[in-house]
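See below for the structure under consideration.
Please read these numbers as outputs of a predicted model, since none were measured by experiment.
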Amino acid sequence: MSQFSANLWAAVLCILSGILLMRGLYLQHRMGRQVIARAKLSPIRDVLTGLLSREGMQGQLYKLRDRIRNEHTGAVFIYLDLPDHHDVTRLYGEEGLEMGLVQMAATLSTTLSSQDNIARISRNAFAITVMMPPDSALATRMAQKILSRLMVLSAHGTPMAGAMRLALSWLPLYGFRLDGLERRSIKALETLMQNKRIAWVGGAASHEEARQMLQDMRSGQEVARQLEDERIDAALQDKPMPAASTLYERIHRIEREMLHGVDTAFLVSEAERMSRLINEANSQSSMTLDRDNANSTLQTQDDFEATQLATRQPLQSS
C-alpha cells in the first residue's frame, strides 16, 4: 500500500506540474503574440526587440528638444554600431542575429533608466538619448558602463556584442534630426582608431561648444522669448523682423517651425510684405534708370551744343 500510495502521489504531482507547465507555455505564447500584434499596429515600436523604432526615436527627439528648452539642460545622443549584418548573418545565421539583437536590447533596457530613450534605428544599430549637462566625463562613464555590459554579454553567448562601437554627440549642439545625427556618428566612427570603441562627434571641441550653448540657452531664455514676441508683432505690423542674438535661437528656429508649423496668416502677411518690397525695389530701380537716361540725354545735348559752339567760333574769327 505504501508503494502504491507513493506512486499515486508521484503521478498526481507529475500531472499537476505538466498542467502548470502547459499553462505557462500557453500564457507566454499568448503574451508574445499580443506583443507582436501591438508592435505591428504601432509604427513607433520595433517588432523584434520591442524598443522604439526609427520613427519613434525621431518623435522622442522632438519631445526631448522641448524638455531641454524648458529645463535648461542638455542631453547626449549615443549611436551604437554593430558589424555589418551580412557578416553577422554569415557567421551566426539569421536566428543568431535576431537572438543577439534581442539579448542586446534587453541588456540596454536593464542598464539604462526608464527616463532614457532606447531605439533600434536600423538592422545593425541602436540609438540612446540620456538627459545630462554637457559633462564629457559623465557621458564617457555612461558609455563605458554600456560597453562593459555588452562585453559581459559577448562572453555569455552573444559574441557579436563584443564588436559594438559607440559614437556620442551633444544635444542640442548637433540638432534633433535623426538622419543628421546618424550621419555624423558614422563619420566619427570611420575616423576612430582600430583599438578604440568610443568616439565623440566633433571631437574635444564639441564639449566646450556644448557648454557655451548651454550658457547661451540659460542666459538668453528671456531674450529668446522677447524676440519671439517681437517677431509676432513685426508680422502683424509689417515691420522687419529682428535677428536672433543667441546661438540656440539661430540653430533651432527652422526645427521649431517644422515641428509646430507656421501660422498661415504669418505666411500670407510675409508674402505680401516681400511682394511690396520687391515692387518698391523694382520701381526705385526703374526710376533710377529713367533718371540716369535723362541725365545721359542732357549730357549728350550739352556736349553736342558745346561742340557746335566750338566749331562756329573759329569760322566767325576768320
Non-hydrogen atoms of L192 and A199 that approach each other most closely: CD1-CB, 3.8 Å
Is it the case that one hydrophobic cluster holds both M99 and L51, taking links as side-chain heavy atoms less than 4.5 Å apart, direct or via other members? no
With a 3.5 Å cut-off and sequence neighbours excluded, list the donor-acceptor pairs that the side chains of residues 133-141 form with protein atoms.
residue	atom	partner	partner atom	Å
D135	OD1	A137	N	3.2
T140	OG1	S136	O	2.7

Are Y79 and V201 close enough that some pair of their side-chain heavy atoms sits under 4.5 Å apart? no
Cluster check F126, L52: I/L/V/M/F/W/Y, side chain < 4.5 angstrom: no
Considering only heavy atoms from C-beta outward, does the side chain of L82 approach that of M104 to under 4.5 Å? yes
D179 side chain reached by R54 side chain, heavy atoms, under 4.5 Å: yes
Determine the minimum heavy-atom distance between C14 and S17, stating which atoms define it. O-OG, 2.8 Å
Side chain proximity check, I186 to D81, heavy atoms < 4.5 angstrom: no
CE/M131 to CD/Q115 distance, rounded to the nearest 0.5 angstrom? 9.5 Å
Side-chain contact, heavy-atom cut-off 4.5 Å: T107 with V152? no
Tightest non-hydrogen contact, residues A119 and S53, listed as CB-O, 3.9 Å
Nearest heavy atoms of R120 and R123, plus distance in Å: NH2-O, 3.3 Å
Pairs touching residues 142-153 that satisfy side-chain hydrogen bond (donor to acceptor under 3.5 Å, both in side chains), sequence neighbours left out: T111-R149
In short, salt bridge (charged side-chain N to carboxylate O under 4.0 Å, His left out) pairs touching residues 106-118 with sequence neighbours left out are none
Value rounded to 0.5 Å, distance of CD1 in I78 from CE in M142: 6.5 Å
Donor-acceptor under 3.5 Å (R165 side chain, L189 main chain): yes
To the closest 0.5 Å, what do you measure between CG (L178) and CD (Q60)? 12.0 Å
Who passes salt bridge (Lys or Arg N to Asp or Glu O under 4.0 Å) against R184, sequence neighbours left out? none
CG (L20) and CG (L25) are apart, to the nearest 0.5 Å, by 11.0 Å
Is any side-chain heavy atom of M164 less than 4.5 Å from a side-chain heavy atom of I146? no
According to the ring pair (Phe, Tyr, Trp, His ring centres under 6.0 Å) rule, which pairs have a member within residues 182-201, sequence neighbours left out? W170-W200, W200-H207
Determine whether Q212 and E209 make a side-chain contact, defined as any pair of heavy atoms from C-beta on separated by less than 4.5 Å. no
In chain order, what residues pass the salt bridge (Lys or Arg N to Asp or Glu O under 4.0 Å) check against E190, with sequence neighbours excluded? none
Just wondering, do L153 and Q103 contact through their side chains at under 4.5 Å, heavy atoms? yes
If you take all heavy atoms of L214 and G74, which pair is closest and at what distance? CD1-N, 4.4 Å
Any idea which heavy atoms bring L80 and L108 closest together, and the distance? CD2-CD2, 4.0 Å
Rounding to 0.5 Å, atoms CG (L13) and CG (L8) come to a distance of 9.5 Å
Looking at T49, is its backbone amide N or carbonyl O close enough to the side chain of E98 to form a donor-acceptor pair, meaning the two atoms are under 3.5 Å apart? no
